*Asks:* 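Could you have a look at this structure, given as structure tokens, before my questions?
Please read all numbers here as calculations on a predicted model, not as lab measurements.
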Amino acid sequence: MATDTTAVAKVDGSALAGRALAAAGARHMFGVVGIPVTSLASRAAAAGVRFLAFRNEQSAGYAAAAYGYLTGAPGLLLTVSGPGCVHGLAGLSHATANAWPLLMVSGSCSQPDAGRGDFQELDQIAATKPFVKLAVKATTIADIPRLVFQALASTVSGRPGGCYLDIPADVLHQTLAESEAVALIEAAAAAADSAKSDPSPPKHKSLEDGIEKAAELLRRAERPLVVVGKGAAYARAEDAIRKLVDTTGIPFLPTPMGKGVVPDTHPLSATAARSLAIGQCDVALVVGARLNWLLHFGEPPKWSKDVKFILVDVCEEEIELRKPHLGLVGDAKRVVELVNKEIKDQPFCLAPSHPWVEAITKKAKDNVLKMEAQLVKDVVPFNFLTPMRIIRDAILAEGSPSPVLVSEGANTMDVGRAVLVQNEPRTRLDAGTWGTMGVGLGFCVAAAVAEPDRLVVAVEGDSGFGFSAMEVETLVRYQLPVVVIVFNNNGVYGGDRRSPDEITGPYKDDPAPTSFVPAAAYHKMMEAFGGKGYLVETPDELKSALSESFRARKPAVINVIIDPYAGAESGRMQHKN
Ligand code: ADP
């Protein structure tokens, strides 16, 4: 066959988007394909962006969110138009709520047909806007590279969060010459580079001043405390915070996902003396954590009314909102390094015998001993504590690099937070700022691809697991080293806890809104796809399932039967239900 030497290679919008994402540094993308983005997924993969195909955009979105947190690079979510975009909003909003970088790329209906009831038509810019820092639409193919670079950069600038890029079907199908594609990508990359190196005037000339004041406040404090949030973990501030704690002897308290920034086993951990630590500290250096519901808004009665907060946050609005005694706007790692430097010039260190340190360590020790006395018992049928202890020990036995723990559920997550131990940063992923249920298996996929050296262990309530359970097929398809442990207590919070006056009316014989099919065979869902399933009811069965599945590093579900009346309604949040 004769070759047409005059033909010019053409690049369509899908290929251009895939290549632009790769050129901007993307390595993984999570999503669900369909009209009009199927080709975008394969083109991106061909360009070097691994595409992880999910069964539901919601889980894919949670995966992209967690990937952004774990890697510090934007997680990428690809969705189809209309309903796919709507499903993707779960992950997009979750990322923004947790201050994690995520770029959602969605196909949308053809522009000429918009407003006429086209297939899966939706004003996706309007739909995504409430949840993002930036929502942009490529109206022609030539827009794609510039907007890809711009939107990716926006996810990680300032406070990280979600951004949205809309690419209509007609734009995905437009073509341009190969040479033009190369030029557009190069120009977009160059523009992004120059934006990065643009020395924008330092907004906070008072930072130096603030650092001095912070060091002085900590030095003069009688009962200082360092609070470590997931913003510090995201900033990779672990070495700086560890150094601060070690050189000053100040006790530290991690938030749930701040666990591991400094090892939970560190002698200055105030986790087991939380109420005392926050109730009595006089100066609290809060690094990368909001004074929101998780920290009781920084107010009495949980905190002392005289506590002086020093807030370190990359987001100026956050500091304006909380009005702390002292605000330090900047990257957590950099700010804590500066504080360390300042302290080095005039060092101080609270000895273990310092009354505040002694009070915290004594209280923590007492509480740990009380908890251990409960944990050591082998209670069968299982309560929450016995299996949690066995899981804790199995995870600890893995050593370093320690597994990434994914956790959700009411009682399961609460008990897990108290019992499971994090000794390395960014090894705990849970329901987060929003208390989002359904994050589980998406988080597992993200952790497995973002942290390939680590095993991933999910400890899930049966309700939490149910939101994303179909993604066990995704685990098997990609053969990911993920062990999902389901605490199966037959429902949300466990057994039927309705009062008699709630069980009346025409539907009184229906199952309780909190009840699921008893003793559901969740392990068989995994077996249905060729993964390994275990049903366990005793300590020995659980130990053997954990040891076999951890060794195999293959997808597994361990269905742990729990006494349905062992937990509390709403976990520890009854007051909000
Ligand atoms: P937690 O749930 O652990 O309490 P939050 O999500 O409430 O943590 O708070 C995290 C905070 O960290 C957010 O206010 C966010 O702006 C901030 N943050 C994000 N990245 C950085 C960074 N690099 N340096 C400092 N703060 C950061």
Side-chain angles (χ1 to χ4, degrees), residues 17 21 26 28-32 37 54 56-109 114 120-138 147-168 229-231 234 257 290 292-294 313-318 321 408 429-440 442-443 446 467-468:
L21 287 166
H28 293 94
M29 178 153 63
F30 308 88
V32 176
V37 297
F54 276 68
N56 181 298
E57 292 93 351
Q58 185 174 318
S59 292
Y62 293 141
Y67 183 90
Y69 171 62
L70 291 172
T71 63
L76 270 179
L77 167 64
L78 182 68
T79 66
V80 303
S81 41
C85 167
V86 169
H87 294 172
L89 295 181
L92 185 64
S93 54
H94 186 81
T96 300
N98 283 277
W100 296 346
L102 180 154
L103 175 62
M104 172 166 156
V105 179
S106 185
S108 58
C109 79
Q120 300 191 330
E121 179 183 334
L122 171 73
D123 181 350
Q124 297 176 192
I125 293 285
T128 53
K129 238 181 191 149
F131 307 112
V132 294
K133 301 163 73 173
L134 178 79
V136 286
K137 185 197 270 273
L147 294 182
V148 162
F149 276 84
Q150 185 193 348
L152 283 170
S154 178
T155 63
V156 288
S157 77
R159 170 181 273 172
C163 289
Y164 175 66
L165 171 59
D166 191 280
I167 316 185
K230 64 178 176 312
Y234 174 81
M257 276 198 254
R290 282 167 278 191
N292 58 12
W293 66 280
L294 275 162
D313 204 294
V314 77
C315 174
E316 192 170 7
E317 288 76 35
E318 182 62 29
L321 172 71
E408 65 178 328
L429 296 170
D430 66 22
T433 303
W434 262 7
T436 311
M437 292 298 129
V439 290
F443 278 9
F467 284 82
S468 64

*Asks:* To the nearest 0.5 Å, tell me how far Met437 CE sits from Asp430 CG.
*Replies:*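 Between Met437 CE and Asp430 CG, I get 8.5 Å after rounding to 0.5 Å.
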*Asks:* Do you know which two heavy atoms are closest between Cys109 and Pro168, and how far apart they sit?
*Replies:*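 Here Cys109 and Pro168 meet closest at O-CB, 3.5 Å.
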*Asks:* Rounded to the nearest 0.5 Å, what's the gap from SG on Cys163 to NZ on Lys133? Could you check?
*Replies:* 5.5 Å
*Asks:* Can you tell me how far OG of Ser108 sits from CD1 of Ile167, rounded to the nearest 0.5 angstrom?
*Replies:*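 Spacing of CD1 (Ile167) from OG (Ser108) equals 8.5 Å.
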*Asks:* Please tabulate, for the side chains in residues 72-80, all donor-acceptor contacts under 3.5 angstrom to protein atoms that are two or more places apart in sequence or on a different chain.
*Replies:*
{"residue": "Thr79", "atom": "OG1", "partner": "Ser106", "partner atom": "OG", "Å": "2.8"}

*Asks:* Please step through side chain to side chain contact (heavy atoms under 4.5 Å, CB included) for the pair Leu165 and Val148, ending with a clear verdict.
*Replies:* CA-CA 7 Å; Leu165 171 59; Val148 162; 3.7 Å; yes
*Asks:* Find the distance between CZ (Arg290) and CD (Glu318) and round it off to the nearest 0.5 Å.
*Replies:*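 It is 6.0 Å, given to the nearest 0.5 Å.
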*Asks:* For side chain to side chain contact (heavy atoms under 4.5 Å, CB included), just list the numbers for Val86 and Leu122, CA-CA rounded to whole Å, side-chain angles, deciding distance to a tenth of an Å, and then say yes or no.
*Replies:* CA-CA 9 Å; Val86 169; Leu122 171 73; 3.8 Å; yes
*Asks:* With sequence neighbours excluded, tell me which residues meet side-chain contact (heavy atoms from CB on, under 4.5 Å) with Ala135.
*Replies:* Ile125, Thr128, Lys129, Val132, Tyr164
*Asks:* Taking Glu121 for the side chain and Ala114 for the main chain, is one N or O donor matched with an acceptor at less than 3.5 Å?
*Replies:*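 Flag not set: sc Glu121 to bb Ala114 has no pair under 3.5 Å.
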*Asks:* Could you pull out the closest heavy-atom pair between Gly84 and Glu57, with the gap in Å?
*Replies:*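 Minimum heavy-atom separation between Gly84 and Glu57: CA-OE2, 3.3 Å.
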*Asks:* Quick one: closest heavy-atom pair of Phe54 and Ala63, and the distance?
*Replies:* CZ-CB, 3.6 Å
*Asks:* At what distance, to the nearest 0.5 angstrom, does CD of Gln150 lie from OG1 of Thr155?
*Replies:* 11.5 Å
*Asks:* Give the table of side-chain donor-acceptor pairs shorter than 3.5 Å for residues 92-104, with sequence neighbours excluded, one pair per line with atom names and distance.
*Replies:*
{"residue": "Ser93", "atom": "OG", "partner": "Leu89", "partner atom": "O", "Å": "2.7"}
{"residue": "Ser93", "atom": "OG", "partner": "Ala90", "partner atom": "O", "Å": "3.1"}
{"residue": "His94", "atom": "ND1", "partner": "Thr436", "partner atom": "OG1", "Å": "2.8"}
{"residue": "His94", "atom": "NE2", "partner": "Asn98", "partner atom": "ND2", "Å": "3.2"}
{"residue": "Thr96", "atom": "OG1", "partner": "Leu92", "partner atom": "O", "Å": "3.3"}
{"residue": "Thr96", "atom": "OG1", "partner": "Phe131", "partner atom": "O", "Å": "2.6"}
{"residue": "Thr96", "atom": "OG1", "partner": "Gly162", "partner atom": "N", "Å": "2.9"}
{"residue": "Asn98", "atom": "OD1", "partner": "Lys230", "partner atom": "NZ", "Å": "3.2"}
{"residue": "Asn98", "atom": "OD1", "partner": "Thr433", "partner atom": "N", "Å": "2.9"}
{"residue": "Asn98", "atom": "OD1", "partner": "Thr433", "partner atom": "OG1", "Å": "3.1"}
{"residue": "Asn98", "atom": "ND2", "partner": "His94", "partner atom": "O", "Å": "2.9"}
{"residue": "Trp100", "atom": "NE1", "partner": "Asn98", "partner atom": "O", "Å": "3.3"}

*Asks:* Apply side chain to side chain contact (heavy atoms under 4.5 Å, CB included) to residues Ser81 and Gln124 and explain how you reach the verdict.
*Replies:* CA-CA 8 Å; Ser81 41; Gln124 297 176 192; 3.6 Å; yes
*Asks:* Mind listing the closest non-hydrogen atom pair of Gln120 and Pro83 along with its distance?
*Replies:* NE2-CG, 3.7 Å
*Asks:* Got a second to check how far Tyr67's OH is from Phe443's CZ, nearest 0.5 Å?
*Replies:*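 Rounded to the nearest 0.5 Å, the OH-CZ separation comes out at 15.0 Å.
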